[in-house]
A.B. asks: 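After the structure tokens below, expect a handful of questions from me.
Because the structure is a prediction, the values reported are computed rather than measured. Here is how names work: the chains are called A, B, and so on, in the same order as the sequence lines, proteins then strands, and each is numbered from 1.
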Number of protein chains: 2
Amino acid sequence: MPGPHKWQQRFRTHVSRWTVPREVILDLLSRTSKHMSAKEIYASLYKMYPGIGLTTIYRTLDLLMRTGFINKFTIGDGQSRYEFKSGKKKEHHHHLTCIKCGKIIDYSDFMDEELEFVKKTEETLSKRHNFNVLGHNIEFYGLCEKCK
Amino acid sequence: MPGPHKWQQRFRTHVSRWTVPREVILDLLSRTSKHMSAKEIYASLYKMYPGIGLTTIYRTLDLLMRTGFINKFTIGDGQSRYEFKSGKKKEHHHHLTCIKCGKIIDYSDFMDEELEFVKKTEETLSKRHNFNVLGHNIEFYGLCEKCK
DNA sequence: ATATATGCAAAGGATTTGCACGGTT
DNA sequence: AACCGTGCAAATCCTTTGCATATAT
């Protein structure tokens with residue numbers, strides 16, 4: 001078990017045990033800007049941490065999503081993808097996906113209007129439906145330059 | 001093969017052959033307000049049209065999505081869901097999902113702001129990335145009243 | 001010491017593919 | 001007649017579950 005870590009505190013208060021798999025998975029996601037699938041995370045971690053199991057990755061990702069550390073989304077290619085929720089406005093983005101070749105483009109323009117729209121919607125949905133809103137996914141899809 | 005149908009024309013110009021499975025699937029989706037999965041569509045059609053295959057349903061849904069008749073989306077329970085794109089403002093909606101029990105709430109409020117936001121985003125994304133934007137999915141997720 | 005997390009193997013499901021037959025144009 | 005669409009069965013692929021072991025607190 002590595003030494004003290006920046007998330008350990010927050011993690012303990014929300015969840016429970018701070019373990020190596022949980023640290024390395026969260027650490028990996030916080031460092032990449034990619035939308036990683038469970039398999040990709042597995043492949044990436046295997047180098048540093050052979051012996052880690054895919055099952056643990058799925059379980060940890062689910063836990064991290066439920067506790068608000070990461071976002072989960074699906075973009076039609078059959079596998080779920082995950083990304084770190086940084087909280088920094090800069091790093092927040094949405095997706096534009098090609099339904100033919102699977103290409104994903106991140107965009108983070110219009111954030112001022114979008115942010116306002118999203119915030120307002122979240123608040124109202126929370127109240128109206130008594131939901132604890134944890135996150136959102138906004139996706140536009142279509143055919144990219146090459147595929148259309 | 002049923003008689004002439006309201007979509008036949010539009011379908012032919014965009015796609016190709018007008019067949020029974022294609023008609024019944026599109027017809028079913030146009031009549032329901034549910035977010036149906038392939039399996040549910042299969043079960044629903046089986047009564048009227050025994051002998052239809054699940055494979056055909058998947059292939060037809062994919063075709064209908066690619067040609068802009070329906071929307072496809074996923075909400076975390078592992079299966080894709082489909083809904084008719086009516087074009088009518090009233091019927092347009094987005095989703096609020098509980099990540100624990102899987103409950104889906106449709107909401108169609110804020111449509112004026114949202115519509116403007118969506119339209120503007122679509123236009124800009126189309127230009128900037130040279131995309132043919134076919135649709136969008138906006139989802140908020142969290143814990144519902146019972147699960148939080 | 002005790003409750004929780006992990007890893008492996010197997011199970012479960014959704015979706016896709018190959019191929020011969022049938023239906024549209 | 002030619003080509004496209006369909007249906008079945010098998011194959012794939014992602015994700016979840018059962019259970020014995022290892023680990024955090």
Side-chain angles (χ1 to χ4, degrees), chain A residues 1-5 7-9 11-26 35-43 45-46 48-67 72-82 99-102, chain B residues 1-5 7-9 11-26 35-43 45-46 48-67 72-82 99-102:
Chain A
M1 169 193 61
H5 189 285
W7 295 304
Q8 188 170 344
Q9 185 58 39
F11 191 84
R12 280 234 187 75
T13 63
H14 284 289
V15 200
S16 48
R17 297 182 179 179
W18 184 246
T19 65
V20 176
R22 290 172 180 186
E23 165 151 1
V24 292
I25 291 169
L26 191 48
H35 324 86
M36 300 187 85
S37 66
K39 245 189 187 169
E40 288 169 347
I41 292 169
Y42 177 76
L45 292 180
Y46 197 82
M48 318 289 256
Y49 185 169
I52 195 170
L54 232 197
T55 304
T56 299
I57 293 179
Y58 276 109
R59 282 191 286 228
T60 301
L61 289 170
D62 187 58
L63 177 67
L64 292 175
M65 178 196 60
R66 285 188 288 104
T67 49
K72 173 183 182 175
F73 60 93
T74 316
I75 29 169
D77 70 336
Q79 54 192 330
S80 297
R81 293 178 176 278
Y82 305 85
I99 60 174
K100 194 167 179 194
C101 69
Chain B
M1 168 193 62
H5 191 285
W7 295 303
Q8 187 170 343
Q9 185 59 39
F11 191 83
R12 281 235 186 75
T13 62
H14 285 289
V15 201
S16 49
R17 297 184 178 175
W18 184 246
T19 65
V20 177
R22 288 171 183 188
E23 164 150 3
V24 293
I25 290 169
L26 190 48
H35 325 85
M36 300 188 85
S37 66
K39 244 189 188 169
E40 287 168 349
I41 292 170
Y42 177 75
L45 291 180
Y46 197 82
M48 319 288 257
Y49 186 169
I52 194 170
L54 233 197
T55 304
T56 299
I57 293 180
Y58 276 109
R59 283 191 284 228
T60 301
L61 289 170
D62 187 58
L63 178 68
L64 293 174
M65 178 195 61
R66 284 187 288 103
T67 50
K72 173 183 182 176
F73 61 93
T74 315
I75 29 167
D77 70 336
Q79 54 191 332
S80 296
R81 292 177 176 278
Y82 305 84
I99 59 174
K100 194 167 177 193
C101 67

A.B. asks: Do A:R17 side-chain and C:dT4 base share a donor-acceptor contact under 3.5 Å?
C.D. replies: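 Per atom types, the contact qualifies.
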A.B. asks: Given C:dT4, D:dC14, D:dT17, identify the nucleotide with an atom nearest to the side chain of A:T55.
C.D. replies: D:dT17
A.B. asks: Could you tell me whether A:Y49 contacts a base, only the sugar-phosphate backbone, or nothing, with contacts defined as non-hydrogen atoms closer than 4.0 Å?
C.D. replies: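 Since only primed, P, OP1 and OP2 atoms lie under 4.0 Å of A:Y49, the category is sugar-phosphate.
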A.B. asks: Would you be so kind as to tabulate the donor-acceptor pairs closer than 3.5 Å made by side chains of residues 54-63 of chain B, with sequence neighbours excluded?
C.D. replies:
unit_1: B:T60; atom_1: OG1; unit_2: B:T56; atom_2: O; d: 2.7
unit_1: B:D62; atom_1: OD2; unit_2: B:R66; atom_2: NE; d: 2.9
unit_1: B:D62; atom_1: OD2; unit_2: B:R66; atom_2: NH2; d: 3.4

A.B. asks: Given atom CZ of B:R22 and atom P of D:dC4, what is their separation to the nearest angstrom?
C.D. replies: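 The answer, rounded to whole Å, is 11 Å.
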A.B. asks: Does a side-chain N or O of B:S80 approach OP1 or OP2 of C:dT15 to a distance below 4.0 Å, or not?
C.D. replies: yes
A.B. asks: Can you name the residues that form a side-chain contact (heavy atoms from CB on, under 4.5 Å) with B:Y49, not counting sequence neighbours?
C.D. replies: B:V20, B:P21, B:V24, B:I52
A.B. asks: Do B:R81 and B:F73 come close enough that some side-chain heavy atom pair is under 4.5 Å?
C.D. replies: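 Counting from C-beta outward, B:R81 and B:F73 do come under 4.5 Å.
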A.B. asks: What are the two closest heavy atoms between B:E40 and B:H35, and how far apart are they?
C.D. replies: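 So the minimum-distance heavy-atom pair works out to OE1-O, 3.6 Å.
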A.B. asks: For the pair made of CD1 in A:I41 and C1' in D:dT15, what is the distance, rounded to whole Å?
C.D. replies: 14 Å
A.B. asks: Of the nucleotides D:dT16, D:dC14, C:dT24, which one has an atom closest to the side chain of A:K39?
C.D. replies: D:dC14
A.B. asks: Name the closest nucleotide to the B:Q79 side chain, picking from D:dC14, C:dT15, D:dT25.
C.D. replies: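 Of the candidates, C:dT15 comes closest.
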A.B. asks: Answer yes or no: does a side-chain N or O of B:T19 lie under 4.0 Å from OP1 or OP2 of D:dC4?
C.D. replies: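 For B:T19, the contact criterion (side-chain N or O under 4.0 Å from OP1 or OP2 of D:dC4) is not met.
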A.B. asks: Reading DNA chain D from 5' onward, which residue's closest nucleotide shows up sooner: A:R59 or A:S37?
C.D. replies: A:S37
A.B. asks: Is the distance from OP1 or OP2 of D:dT16 to the nearest side-chain N or O of A:Y58 less than 4.0 Å?
C.D. replies: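 Looking at the OP1 and OP2 atoms of D:dT16, neither is under 4.0 Å from any side-chain N or O of A:Y58.
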